[in-house]
Amino acid sequence: MSLISVDLRSRTPIFEQIVTCVEELVLRGIMKPDEQLPSVRSLASELGINPNTIQKAYAELENRGIIYSLNARGSFVSSEIGELRERSRAQLLKTVKENFQEALKRKISKSDIEALLNEVWGDKDDTNS
């Protein structure tokens with residue numbers, strides 16, 4: 001059974017859901033560099049969708065540098081995902097900063113933000129793992 005899933009009732013196109021799902025699995029380290037993805041045919045069969053949709057998603061993932069394909073062997077997670085992780089991290093930090101700036105404009109106190117951070121982080125170690 002594949003880790004890749006889609007919501008057939010969602011308004012988000014299925015190929016975009018697949019792209020997002022694979023990207024998240026890679027960013028979280030669930031899918032490892034050089035790990036093989038399910039074949040187009042097997043994933044289409046498992047998800048009950050058209051193989052062309054899977055092919056479109058895989059093509060987009062390849063364009064983004066998240067996966068690579070080998071003729072007659074399949075598609076694999078790129079071993080060069082460090083750049084993807086850094087771009088994702090930079091975008092997330094930018095969004096957090098913008099939200100902090102908005103909170104400041106709306107006069108949300110620093111102690112409220114700290115309480116929220118403590119609620120989310122709890123006793124977790126502050127490491128970059």
[X]: which residues meet the side-chain hydrogen bond (donor to acceptor under 3.5 Å, both in side chains) condition with it, sequence neighbours left out?
{"X": "Arg85", "value": "none"}
{"X": "Glu102", "value": "Arg106"}
{"X": "Asp112", "value": "Ser109"}
{"X": "Ser79", "value": "none"}

Nearest 0.5 Å, what's the [atom1]-[atom2] distance between [X] and [Y]?
{"X": "Gln101", "Y": "Leu104", "atom1": "CD", "atom2": "CG", "value": "8.0 Å"}
{"X": "Cys21", "Y": "Ile4", "atom1": "SG", "atom2": "CD1", "value": "6.0 Å"}
{"X": "Ile49", "Y": "Leu43", "atom1": "CD1", "atom2": "CG", "value": "6.0 Å"}
{"X": "Phe100", "Y": "Thr95", "atom1": "CZ", "atom2": "OG1", "value": "11.5 Å"}
{"X": "Ile66", "Y": "Glu80", "atom1": "CD1", "atom2": "CD", "value": "13.5 Å"}
{"X": "Lys32", "Y": "Leu25", "atom1": "NZ", "atom2": "CG", "value": "11.0 Å"}

Inset, instruction - Could you note down all residue pairs passing ring-ring contact (aromatic ring centres under 6.0 Å, His included) where residues 13-51 supplies at least one of them, sequence neighbours left out? - result: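 For residues 13-51, and leaving out neighbouring residues, there are no ring-ring contact (aromatic ring centres under 6.0 Å, His included) pairs at all.
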Legend entry - CA sep, side-chain torsions, deciding dist, call: Ser75, Ile67, side-chain contact (heavy atoms from CB on, under 4.5 Å): CA-CA 7 Å; Ser75 297; Ile67 68 170; 4.0 Å; yes
Residue list, salt bridge (charged side-chain N to carboxylate O under 4.0 Å, His left out) with [X], at least two apart or on another chain:
{"X": "Asp34", "value": "none"}
{"X": "Arg11", "value": "none"}
{"X": "Glu119", "value": "none"}
{"X": "Glu24", "value": "Arg28"}

In one Ile/Leu/Val/Met/Phe/Trp/Tyr side-chain cluster, 4.5 Å: [X], [Y]:
{"X": "Leu93", "Y": "Trp121", "answer": "no"}
{"X": "Val96", "Y": "Leu117", "answer": "yes"}
{"X": "Val22", "Y": "Leu8", "answer": "yes"}

How close do [X] and [Y] get, counting heavy atoms only, and between which atoms?
{"X": "Thr12", "Y": "Ser10", "answer": "N-OG, 3.0 Å"}
{"X": "Asp7", "Y": "Gln17", "answer": "N-OE1, 2.6 Å"}
{"X": "Glu35", "Y": "Ile30", "answer": "OE1-O, 3.9 Å"}

Legend entry - Side chains of Pro51 and Val40 in contact at under 4.5 Å (non-hydrogen atoms):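 When only atoms from C-beta onward are counted, Val40 and Pro51 do touch, with a gap below 4.5 Å.
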Inset, instruction - Apply ring-ring contact (aromatic ring centres under 6.0 Å, His included) to Tyr68 and list each qualifying residue two or more places apart in sequence or on a separate chain. - result: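 For Tyr68 the ring-ring contact (aromatic ring centres under 6.0 Å, His included) partners, ignoring immediate neighbours, are Phe76.
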Legend entry - Gln36, CD atom: more than 12 neighbouring heavy atoms under 6.0 Å: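 Counting other residues, nucleotides and ligands, CD of Gln36 exceeds 12 neighbours.
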Legend entry - side-chain contact (heavy atoms from CB on, under 4.5 Å) partners for Ser39, two or more places apart: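 Checked Ser39 against side-chain contact (heavy atoms from CB on, under 4.5 Å); matches are Arg41, Ser42.
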Extract all donor-acceptor atom pairs below 3.5 Å that involve side chains of residues 52-62 and protein atoms in other chains or at least two apart in sequence.
| from | atom 1 | to | atom 2 | distance (Å) |
| --- | --- | --- | --- | --- |
| Tyr58 | OH | Pro38 | O | 2.6 |
| Glu60 | OE2 | Arg64 | NE | 2.8 |
| Glu62 | OE1 | Ser69 | OG | 3.0 |

